[in-house]
Amino acid sequence: MILRRPSFWLILILSAAFVYLPLRGQNVPLREDLVLVAVAIILSSNLNLMIGYTGYVNFGHIVFYGLGGYIGLYLTTARGWNLVVAALAAGVAVSFLALLFGVGILRLRGAYFALATIGVLQAVQAFVINFDPWGRSTGMYMSFEAYKSWGGAMRALWLDYYLVIGVMALSLILSLAIKISKFGLGLFAIRENEDAASVLGVNTTVYKAIVYSVSAFLPAVAGALMFFKNGMIDPFVAFEFSLSLEGIVMLMLGGQGTVTGAALGAGMYEWLRSFLLTSPKLSDFQLVIAGGLLLVVVLFAPGGLIGWVYRLLPRARGVIE
Amino acid sequence: MMPLLEVKDVSKRFGGLLAVSNVSFTLNQGEILGLIGPNGAGKTTLFNVVNGVFKSDGGSINFDGHDIAGKSPHRVVQMGLARTHQIVQPLNEMTVRDNVTVGACFGREYLGLNAARRVAGDVLEQVGMGARANQLARSLTIAGKKRLEVARALAAKPKLLLLDEVLAGLNPTEIAKMIELVRSIRDSGVSVFMIEHLMQAVMNLSDRIVVLNFGQKLAEGRPEEVARNPQVIEAYLGDPNIAEKLTEKN
Amino acid sequence: MIDGLLVGSVYGLAAMGLSLIWGVMNVINLTHGAMIALGMFGMYVLFGAITGHPYVLLLPEIGVGLLLGVVVYWVAIHWVIGRPMLMSLLSTFAVNMIIIGIGTAVWTTSPYNVNFNLPGLTVGSYTFTGNHIAAAVAALILALALDLFLRRTRPGKAIRAVSDHREAAELMGISSTTVLSIAFGIGIAMAIASGALVATLFPFTILSGGTYQLKSFVVTVLAGLGKPLGALVAGVLLGLLEGAVTPFMAASWIPLIEFTLFVVVLVAFPRGIFGKVAA
Amino acid sequence: MAPVLQIEKIESGYGEVQVLWGISLEVEAGKLTTIVGANGAGKTTTLRTAMGSVRPWHGRIFLEGEEVTRLSAHAKAGRGLVLVPEGRQLFPTLSVEENLEMGGYSTRARKRQRANLERVYELFPRLKERRKQRSSTLSGGEQQMLAMGRGLMQEPVVLMIDELSLGLAPVLTQQLFLTLKSLRGQGITIVLVEQNVHLALALSDYTYVLAEGRVTIQGESRQVAQMDEVRRAYLGL
């Protein structure tokens, strides 16, 4: 039962804190900081379903986020849909697309798969750049009219924030639920040894396709919400390759394959980035320091922070998930 | 006796190499069938064809009344044909219990997670690994990993178990224990098809033996018959006369 | 169209470096783009500092690239060889971040160019830019030199032997780590040389390497892994393709075609289009 | 006479699994020494540990009187300790001749590379016919010839061969054993791991029988061949 897992309650407490902290004193700057952390957590924990749980490195994970943003913004702006409905529709549509892509590229293993995901990202980006209804390379803007039905921009942004926090909570709960399910067990078996898993009875083809599709859903919803908040989207912001890679860095930092690791890594990375960007001396070297950190993690602590804790305290495996 | 597994004219080709060539045999319900032959004779390839890892090039494979030729491995195990690997394939970063739970979850009974955990616990007791259930699989010794292979396959509740060199690399005490385990598995109603190099063990355990050499069936029969077969002796020990001829030429 | 062919040979040169490293040590080198960018800026700096001929300046750049590659090998690659693919992807990406970060701090992300023009060549009604021709010739020479090195020389054969069977190479007395570090160095040198050549053709920023890195991926996959000469041919083909489609559609469609082709080829022919023929 | 290769109480294994439990061997110059034993007894691991492909945990290794315990495989190869590995381990994309050239890679072997190439071609004319072919296109027997040829190109002080007859038809096996015999006749020191016990015993001077990572029997091959224990260890009869 998921209710008996300490991690489940931890997720709820974390989400509650995200809701409560900026609310106190209507602290908008804090809200804007936290929403970035929340998005980072959404991306890294869903990416974790592929990299950490299944062992398939997705370099193009951001494509789900960007497509979700486009579909969401298109539906709310050009079609006048309700935001929540539009976001869900974006999630469903992107998951379905992922299933189609997945059936093709999941036949590849290891590095070949990783490369194909880069190809998918770039191809989708190139397509959007040439796609007229979505404004080609200039992208789409949202008129402030759209906020009206929400009682003005202020209220709309707060509401949007809570929705993002909701998606964050769902992402983490989904990660946990999968981890403690039969489905998750099958995925871990694939990660450890795909051939052995198949011989043990796991339908690897179907499992991989499902998890690839599932890992697309919440990032797409989050994309729809975030680009609604920003009020604009263009193909370069939506499908930024380096953002995709940063998701992997976060995951490695925290510890791939663990629910807490994905959240922790995202939090640490965002904190580090804001720290570096605000420090006048270090802001030029933000990338250098992040890269150095990643190198250190890869070379000396490939299990990330949580992996390191596991090594120190083997018993922690059962408690921290 | 009823045949549980019927293999007819099965071949497997890799590029230009015919690894298994027109092999036919049957395995009866409740028996232990041994498969022997020199290194590179195609024994493991034959296993891989039977359980669907490789697609056979021609021939038919009938298991428990179903044609399983060309079926993928996960389908085959769910029909009741489980196997172990010659080179152990533990799911390293998972616990021993989780390894076995995978077998129970996705095996013939396709159990839910909780039921599978219980089965895993029982099977681990059965193979004498109850105390190591919470260890990571990677931390097991080679003997432990071999045992884990067997446990995982057993957890799938198979009707037929394919054992690929479960004795290789074990010391005499471990070998004795493993032989005992294989017997108990058969006594519990599971048929066994085993590749084994350790002649003493395979001769003792098997009801019948199939000998493979260069991908072809060299002989088939009861252990005593096979052991007296001059062709088999040559394939395994080498022809003593060749040796003499070689030294004579001085 | 002909211009496409000329630029394509530079793509090919860049991809050869990636392909060599991938084939020999099974590492997808994500520093590739950063190295190409370094090559561009190397040309910019050298051209500004020493008033030499750009194609002569290639030589010191290649030397520095070789050295840099060996250093990067020992810092970031050596420890992750034989570990899961993700590790080498990430360690090379980390180095990529470091180089791009330093580059951004030094040169910002604004565009630069190398002010150098060779006289063009007019054949009939067609005029070819001199720089394009020279870059193509330089790329071809370097590519053929690498191919000859790999096929004919002792160290080249040692690289191929290590790539074929590392453990057996050790048994022959070949120090596989030394060979790997040199192979990595050569791969980086190729990337830097191609960057230097690109710098004589188009304006560039520190981030420009990314585009060429992606093109190198496409080319490498089209050619099949670990086939440097195949990479050259595939690079030229890619350039030709780009040149051939521009009269008919906007240039912005090209990436869509390229990457769709890339994914389809990966899934349909994991060994590359030429892979089947060779095997 | 001092042994040319001496292994002293070697222990080693893979990861946490110990395979060798204190193996000692002495290989005399110009002799053919065989190592036999059941699958998993540690024969291959013994050769790989001697070579340095597997790091020894304990014990010492001497080559021509010098301690080489801690040297890496390529360094030992450079001193003339040569292993023709199980499964050939050829360079598949290199041609037959290039494979042989790689045998002559070390500074030691390079000096006589040309002469050695002639000698190998004389020994295995088949290789000369196919010298431009990729080694992956060779048949199993030809591959074993190439593996042996490549070993000879290395100017071996000690030539260690792992599973000479593995997967080969009897006729080819005989041919290769004849070659081995002529090599010993030329004074090359050979260590042979072989599953074809009869042939190995008939041909060799000295035999070690391994079981469970230890030396259980050793002696002149003629005497070992008489022992019933050996037969039992193999066929269980």
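Every chain is numbered from 1, with letters handed out A, B, ... down the list of sequences.
Among the candidates B:Val77, B:Asn51, B:Thr101, the residue making the largest number of heavy-atom pairs closer than 4.5 Å to chain A is B:Val77. Annotation: maximal heavy-atom pairing with chain A below 4.5 Å, among B:Arg75, B:Met94, B:Arg108, B:Arg83, occurs at B:Met94.
Both the backbone and the side chain of B:Glu93 come within less than 4.5 Å of a heavy atom of chain A.
With sequence neighbours excluded, the residues satisfying side-chain hydrogen bond (donor to acceptor under 3.5 Å, both in side chains) with B:His85 are B:Glu149.
Between the side chain of A:Lys182 and the main chain of B:Leu111, a donor-acceptor pair closer than 3.5 Å is present.
Residues of residues 53-74 of chain B lying within less than 4.5 angstrom of chain A, judged on heavy atoms, are B:Val53, B:Pro73, B:His74 in numerical order. The interface of residues 202-214 of chain A with chain B, defined by heavy-atom distances below 4.5 Å, comprises A:Val202, A:Asn203, A:Tyr207. Of all residues spanning residues 185-196 of chain A, those with a heavy atom less than 4.5 Å away from chain B's heavy atoms are A:Leu185, A:Gly186, A:Phe188, A:Ala189, A:Arg191, A:Glu192, A:Asn193, A:Ala196, arranged by number.
Expressed to the nearest 0.5 Å, how far CG of B:Asn99 lies from CG of A:Leu200 amounts to 8.0 Å.
In this structure, A:Arg109 places its CZ atom where more than 12 heavy-atom neighbours from other residues, nucleotides or ligands lie under 6.0 Å away. For A:Leu100, the CG atom counts as densely surrounded, since its 6.0 Å shell holds more than 12 non-hydrogen atoms of other residues, nucleotides or ligands. Other residues, nucleotides and ligands contribute at most 12 non-hydrogen atoms within 6.0 Å of the CZ atom of A:Phe96.
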